[in-house]
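This structure is a prediction, so every number in the text was calculated from the model and none was measured. By convention in this document, chain letters (A, B, ...) are assigned in the order of the sequence lines, proteins followed by strands, and residues within each chain are numbered from 1.
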Amino acid sequence: MRTETQSIGSRARVVVALGNPDRGDDGVGPAVIRELGPCPEAEVWEAIKGGLPLAHALVGFPRALIVDAAPFLPVGEVALFPLTPALSHRGGRGRREPPREGGGLGVGWPHGLGLTQALAALRAAGLDIPEAWALGIGIPPDPPFRRGLSPEVRRAVPRAVAEVRRWLMG
Amino acid sequence: MKKIAIDPITRLEGHGKILLYLDEEGGLKGAVLQVPELRGFERFCRGRRAEEMPQITERICGVCPEAHHLASAKALDAAYGAEVPRAARLQRELFYNTYIFSDHLLHLVFLGGPDLLLPKDTPKSERNVVGVLQAWPELGKEVVTVRARAQRVLELIGGKAIHPVFALPGGVAKPLAKKDQEEIQGHAQVMVKLSQRMVAFFHEEMLPDPELQSLLLAEETRLPTHYLGTVDEEGAPNFYHGKVRAVSADGDELFQLDPVGAMARIAERAEPWTYVKFPYLKDIGWSGFEGGSRSGIYRVGPLARLNVAERMATPLAQEEFERFLDFFGERPVHATFAYHWARLAEMVQAAEAAAALAQDEGLTGADVRGRLGQPGEGIGAVEAARGTLFHHYRLNEEGLVEWVNLIVATTHNAAGIGLSVKQMAEAVVRQGNLDQELLNRVEMAFRAYDPCLACATHFLPGDTPLVVEIYDADGNPKHRIAR
């Protein structure tokens with residue numbers, strides 16, 4: 001796997017896995033990019049910081065895909081969401097809108113910015129943010145502290161990998 | 001008794017929520033913050049290899065992994081009896097001050113910004129970070145740019161911008177290259193300049209605002225408690241190392257000890273309604289959820305660090321500290337919203353400290369790893385942006401983790417946050433306004449502390465809701481308010 005510090009040359013696309021492998025199914029994002037294997041057409045990162053630091057790291061990439069666990073989806077379901085507000089009108093196979101509580105940019109959570117908020121902030125500041133998408137994989141809520149995926153979520157990994165490959169070609 | 005649950009979370013932050021308890025007359029009887037228990041995490045770590053701990057524990061929080069990363073490394077230094085070489089220590093300190101700068105800047109402008117920089121009547125749709133950027137476009141752009149520079153410093157030292165990996169037991173992974181030091185020097189100078197600009201902005205644009213003055217000086221936002229924070233040999237706040245000092249609500253020193261001694265002065269109160277244990281000063285004792293000099297409840301974080309300090313460590317920060325004390329005219333300062341101002345003074349110190357550390361010729365030294373002794377028991381403490389963070393490990397003879405205890409900043413502040421929330425919500429609840437106004441007031445009190453709730457490091461769907469659920473006397477949900 002390449003990291004953000006290793007390959008600055010090709011900055012067309014980036015795939016970022018978010019999630020905590022120490023919290024069971026929450027680690028499905030990193031599991032997907034491990035399964036993806038070498039990926040010369042994009043940079044592939046595993047990140048433990050989200051929000052503004054991650055948004056900053058994405059600046060300059062035309063396209064970004066965030067692979068993340070999604071407890072609001074049925075367990076094992078794989079779905080692609082637009083993260084950049086301007087993309088919201090775009091639909092298509094396997095694409096859906098993430099659920100929102102109150103929606104919009106809001107004030108976010110009390111301790112940090114969500115990634116969509118952070119991207120919007122950077123765009124408002126005049127930075128060149130990517131067309132960002134999220135690939136969500138449904139997991140049960142409130143994952144425990146343990147290593148390894150549940151069977152239902154593990155079965156979704158090949159479908160998620162296929163979706164990442166489709167996104168890379170798109 | 002009616003119960004109102006304010007849930008500012010998705011699953012990201014586990015079990016964190018605010019509960020408001022009403023009496024039969026509709027008044028506010030009590031308020032508590034339920035923070036997620038880390039006990040599951042502590043159990044999960046048993047049996048892991050000790051050197052994995054800085055990587056594992058940094059995943060507790062996707063916002064401030066730097067704090068856990070270094071607290072963990074320091075606990076391992078102690079557990080192995082390792083002396084950290086000077087070059088490694090300089091790297092860690094530079095990294096850590098940059099993190100404090102970056103984190104405080106984020107909070108001041110983007111998280112606290114909607115409270116501090118936008119008028120009270122700003123429409124809900126604009127009361128956010130983009131609203132701040134639209135209201136103050138030049139400042140906003142500068143903040144974004146300088147934060148990116150700070151992020152670059154963290155990447156150069158930490159190994160990765162979004163995933164620090166450099167700290168190891170007894171030191172760090174590799175020497176810092178000279179060219180990286182030179183690049184960091186440039187970034188650090190810009191950080192200092194922005195700090196100066198932020199100070200000027202605060203005094204010219206923010207402090208004159210009557211709304212902010214009211215928040216800072218109102219009796220309903222004043223909460224006398226004891227305070228805890230780390231100071232250096234000169235009595236100045238130090239984020240990375242030093243003695244843990246406690247002062248009473250009256251300003252008297254209670255103790256100044258190394259982290260081992262300080263942890264021994266803290267007891268934890270268990271309550272049946274929450275997983276979290278409420279720390280209090282053992283010598284004073286627990287007398288319930290109340291502030292004041294006879295209660296053992298104490299607070300940590302920026303305000304606490306300034307309250308336990310005799311001075312600041314750097315010249316510009318010292319100037320701001322003096323203005324801070326002049327404004328409030330008391331020591332300790334008990335105003336909860338003074339956390340924001342204290343955060344500004346600390347941000348200045350962190351930037352100045354980073355600039356000084358970046359100039360140190362020892363920073364690029366080749367000796368970055370001390371010799372490890374036999375594994376044993378160790379406590380590591382740092383001042384996270386939100387307050388004192390303790391990691392306490394016991395290792396077996398094979399270097400495997402046998403037992404872990406973590407006391408995180410928000411746990412120290414859990415009782416204080418509950419009291420502040422109660423103060424802010426009281427009048428609103430009494431008027432029967434169980435609506436967005438309640439949500440706003442509670443959130444402002446909550447956010448002053450910048451509480452850190454353990455998360456799973458991911459951010460789908462990207463926004464996190466703030467939800468208030470109101471229960472009737474029988475515990476049935478009656479009403480729900482969502483942002």
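- The shortest heavy-atom contact between B:Lys141 and A:Ala125 is CG-O, 3.3 Å.
- Neither the backbone nor the side chain of B:Gln55 has a heavy atom closer than 4.5 Å to any heavy atom of chain A.
- Rounding to the nearest 0.5 Å gives a distance of 4.5 Å between CZ of B:Arg48 and CZ of A:Arg147.
- Across B:Val144 and A:His56, no two heavy atoms sit closer than the pair O-CE1, 3.1 Å.
- Across A:Gly19 and B:Arg59, no two heavy atoms sit closer than the pair O-NH1, 3.6 Å.
- Residues A:Ile48 and B:Pro65 approach most closely at CD1-CB, 3.7 Å, considering heavy atoms.
- Counted within 6.0 Å of CZ on A:Arg146, heavy atoms from surrounding residues, nucleotides or ligands total more than 12; the atom is thus considered enclosed.
- Heavy atoms closer than 4.5 Å to chain A are found in both the backbone and the side chain of B:Ile56.
- A:Leu52 contributes atom CG, which lies 6.0 Å from atom CZ of B:Phe110 (distance to the nearest 0.5 angstrom).
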